[in-house]
A.B. asks: 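Input: one structure, supplied below.
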Amino acid sequence: MRRIGTALVESARTLTAGDDRFLLARLRLMISTPALRARHLDNHHLLQQAIVGGLGDEATDPDAAFRAAAAASACLAVMHTALVRWAQDDGRTDLADLITTALAAAFGDDPPRPR
C-alpha cells in the first residue's frame with residue numbers, strides 16, 4: 001500500500017506541476033458523464049493489473065498478487081475520491097495533498113510520503 005500510495009502522490013505532483021486546466025476539464029467531463037465514469041472504472045481495473053505487474057516478484061506468488069491487487073484497488077479508490085474533491089474545489093486544493101489526506105483517512109495516520 002505504501003509503495004502504491006507514494007507513487008500516486010508523486011504522480012499527482014507531476015501531473016499538476018504545470019497548467020492543470022486540461023486535466024481538470026477532463027476530470028469534470030468524466031464525473032458528469034455516466035459512460036465516461038464507467039470507462040474510468042474500466043481503466044482503474046487495467047491500472048490495478050499494471051500496478052500488480054509492476055511490483056515484480058509479488059505478482060508471481062498468487063497470495064502476494066492477491067494482496068497487491070487489493071492494495072492497488074483500495075489506493076485507486078482513494079485516489080478517485082481525492083480527484084472528485086479536487087474537481088469540486090475547482091483545482092484550488094493541492095491534488096497530491098488531497099490524495100495524501102485521503103490515504104491517511106483510509107489507511108491510518110501514517111500516509112505514504114514522497115521520497
Side-chain angles (χ1 to χ4, degrees):
M1 192 287 301
R2 181 171 300 282
R3 289 185 347 194
I4 297 166
T6 298
L8 294 176
V9 170
E10 290 175 358
S11 295
R13 288 204 194 286
T14 300
L15 285 172
T16 58
D19 183 6
D20 56 14
R21 288 180 294 176
F22 178 70
L23 177 62
L24 191 56
R26 284 185 61 192
L27 183 57
R28 283 189 189 123
L29 185 60
M30 183 272 302
I31 291 168
S32 65
T33 308
L36 295 178
R37 279 195 312 269
R39 182 69 180 141
H40 178 70
L41 291 176
D42 286 345
N43 286 337
H44 268 216
H45 176 71
L46 294 173
L47 184 54
Q48 175 198 36
Q49 291 175 325
I51 289 169
V52 172
L55 292 174
D57 292 339
E58 292 180 29
T60 59
D61 171 34
D63 291 334
F66 172 75
R67 288 189 301 275
S73 183
C75 286
L76 291 172
V78 165
M79 181 186 68
H80 175 79
T81 302
L83 284 168
V84 169
R85 174 66 181 268
W86 185 66
Q88 290 169 340
D89 289 347
D90 198 31
R92 289 184 300 269
T93 312
D94 182 78
L95 179 57
D97 289 346
L98 282 173
I99 294 171
T100 299
T101 300
L103 286 165
F107 302 112
D109 290 329
D110 188 25
R113 306 226 185 272
R115 294 176 210 170

A.B. asks: Return the CG to CZ distance between L29 and R37, rounded to the nearest 0.5 Å.
C.D. replies: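 Interatomic distance, L29 CG to R37 CZ, rounded to 0.5 Å: 11.0 Å.
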A.B. asks: When you group the ILVMFWY residues by side-chain heavy-atom contacts below 4.5 Å and let the links chain together, are L83 and L41 in the same group?
C.D. replies: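 Unlinked, L41 and L83 end up in two clusters.
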A.B. asks: Less than 4.5 Å apart, side chain to side chain, heavy atoms only: is that true for I99 and R85?
C.D. replies: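 Not in contact.
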A.B. asks: Tell me, do H80 and L76 make a side-chain contact under 4.5 Å, heavy atoms counted?
C.D. replies: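 When only atoms from C-beta onward are counted, L76 and H80 do not touch, as no gap falls below 4.5 Å.
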A.B. asks: For the atom pair OG1 (T6) and CE (M1), what is the distance rounded to the nearest 0.5 Å?
C.D. replies: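 Nearest 0.5 Å value for the OG1-CE distance: 8.0 Å.
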A.B. asks: Tell me the closest heavy-atom pair linking I51 and A72, and the distance in Å.
C.D. replies: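 Where I51 meets A72 most closely, the heavy atoms are CG2-CB, 3.9 Å.
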A.B. asks: State the OG1-CG distance between T14 and L95, to the nearest 0.5 angstrom.
C.D. replies: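 Reported to 0.5 Å precision, the distance equals 11.0 Å.
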A.B. asks: Measure across A87 and L27 and return the closest heavy-atom pair with its distance rounded to 0.1 Å.
C.D. replies: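 Shortest heavy-atom separation between A87 and L27 comes out as CB-CD2, 3.8 Å.
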A.B. asks: Within the distance-only criterion (no hydrogens, no angle test), does the side chain of T33 pair as donor or acceptor with the backbone N or O of M30 below 3.5 angstrom?
C.D. replies: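 No, T33 side chain to M30 backbone: no donor-acceptor pair under 3.5 Å.
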A.B. asks: Following the transitive rule for hydrophobic clusters with a side-chain heavy-atom cut-off under 4.5 Å over Ile, Leu, Val, Met, Phe, Trp and Tyr, establish whether L15 and L8 coincide in one cluster.
C.D. replies: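 L15 clusters together with L8.
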A.B. asks: Contact between I31 and H40 at the side-chain level, heavy atoms closer than 4.5 Å - yes or no?
C.D. replies: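 They are not in contact (no side-chain heavy atoms under 4.5 Å apart), so the answer is no.
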A.B. asks: Using a distance-only test with no angle check, is there a side-chain donor-acceptor pair under 3.5 angstrom linking Q48 and H44?
C.D. replies: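 No.
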A.B. asks: Search all heavy atoms of G5 against all heavy atoms of C75 and return the closest pair with its distance.
C.D. replies: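 The answer is N-SG, 4.1 Å.
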A.B. asks: With the threshold set at 4.0 Å, does a side-chain nitrogen-carboxylate oxygen contact exist between D20 and R26?
C.D. replies: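 Looking at R26 together with D20, the answer is no, because their closest N to O distance does not fall below 4.0 Å.
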A.B. asks: Taking the side chain as everything from C-beta on, heavy atoms only, tell me whether L103 gets closer than 4.5 Å to V9.
C.D. replies: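 Result yes, sub-4.5 Å side-chain heavy-atom pair found.
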A.B. asks: S73 side chain to A69 main-chain N or O, any donor-acceptor pair under 3.5 Å?
C.D. replies: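 Such a contact is absent between S73 side chain and A69 backbone.
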A.B. asks: I need the M79 CE to I4 CD1 distance, nearest 0.5 Å.
C.D. replies: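 Rounded to the nearest 0.5 Å, the CE-CD1 separation comes to 11.5 Å.
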